[in-house]
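Presented below is the structure to which this report refers.
Only a predicted model underlies this, so the values are computations on that prediction, with no experimental measurement involved. For this chain, numbers begin at 1 and follow the sequence in order.
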Amino acid sequence: MKEIYGYVRVSDKYQHEDRQVQAILAYYPQMKEDNLFIEKISGKSEMDSRPEYAVLRRLLRPGDELVVDALDRLGRKKTDVKKELEYIKGKGVLLRILSIPTTLQEVEGQSWVMEMINNVIVEVYTSLLEQELNEKERRQAAGIAVAKARGVYKGRMPIEYNESQFVELYQRWKTGAIKSKEFMALMQLRPNTFYRIVKKYESNKMMR
């Protein structure tokens, strides 16, 4: 029996997921509560650094459906989004994108036509997403350059956390004694911050 899943992503804790959740449930009111995955993490983050999405990926089976509010919920970079679309297609999962109506249509005996149309639309959307991201990064770089020229740029604030507690919990996490979400909750860290610290810690261990 097929399952219907929903994925909701907002970029940070100051954004609210309510609109996306309501849109998905309006389209699929029968969706099970446990099948709706919600997380707050940047769209530029790697797929495997998104705890909720990583779990969802493992649950997907051929014939299942995945519903997202918009294409950029999967990512912001064209190459990443297209790679993920291929992954979803390869698993035999039907992707419904609420902001792209043609992905919600089913034409008897003409699925190849709809697939061709959707491929063209997705190509346009992913190009626009990447263009928007590049423009945002260009504006940020320009703003930083101005701030540096004025002598007011301080860069990214260092992450404050208890290093000894992290090391202790890291060992328990690696042995499977605690899960990622529990680790993050105990350290009071956001997913992207958590994985950044893990990456830095593991890199330092390799250099020793």
Testing the basics here: between [X] and [Y], what is the closest heavy-atom pair and its distance to 0.1 Å?
X	Y	answer
L186	Q165	O-NE2, 3.6 Å
V8	V21	CG2-CG2, 4.0 Å
S99	L71	OG-N, 4.2 Å

So, using salt bridge (Lys or Arg N to Asp or Glu O under 4.0 Å) as the criterion, who are the partners of [X] when residues are at least two apart?
X	value
K179	none
K181	E52
E3	K32

From [X] [atom1] over to [Y] [atom2], what is the distance, rounded to the nearest 0.5 angstrom?
X	Y	atom1	atom2	value
E84	K82	CD	NZ	14.0 Å
E182	W173	CD	CH2	13.0 Å
L189	R196	CG	CZ	10.5 Å
E39	S11	CD	OG	11.0 Å
R58	L56	CZ	CG	10.0 Å
L94	L60	CG	CG	11.5 Å

* Establish, for the pair R9 and Y53, whether the NZ or CZ atom is under 6.0 angstrom from the six-membered ring centre and no further than 45 degrees off its axis. => no

* Would F37 and L59 count as a side-chain contact (heavy atoms from CB on, under 4.5 Å) if you check the C-alpha gap in whole Å, the side-chain angles of each, and the deciding distance to 0.1 Å? -> CA-CA 11 Å; F37 291 77; L59 292 173; 3.5 Å; yes

Okay, side chain of [X], backbone of [Y]: is any donor-acceptor separation there less than 3.5 Å?
X	Y	value
N35	I4	yes
R50	L74	yes
K91	R57	yes

Please say yes or no: joined through hydrophobic side-chain contacts below 4.5 Å, possibly via intermediate residues, are [X] and [Y] part of one cluster?
X	Y	answer
L36	L104	yes
V81	I100	yes
V55	V68	yes
I178	F194	yes
I88	V67	no

* Show your reasoning for whether side-chain contact (heavy atoms from CB on, under 4.5 Å) applies to L95 and T103. => CA-CA 7 Å; L95 179 64; T103 66; over 6 Å; no

* **Worked verdict on M187 versus I197 for side-chain contact (heavy atoms from CB on, under 4.5 Å)** => CA-CA 11 Å; M187 292 295 300; I197 293 172; over 6 Å; no

* **Minimum side-chain heavy-atom gap R19-D69 below 4.5 Å** =>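 Counting from C-beta outward, R19 and D69 do come under 4.5 Å.
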
* To do: Side-chain contact test, heavy atoms from C-beta onward, threshold under 4.5 Å: evaluate it for R172 versus F183 and give yes or no.
  => no

* To do: Using a cut-off of 6.0 Å, state whether more than 12 heavy atoms not belonging to Q30 lie near its atom CD.
  =>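 Yes, enclosed.
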
* Does the side-chain contact (heavy atoms from CB on, under 4.5 Å) test come out yes or no for V198 and F166, once each step is laid out? -> CA-CA 9 Å; V198 168; F166 175 84; 4.0 Å; yes

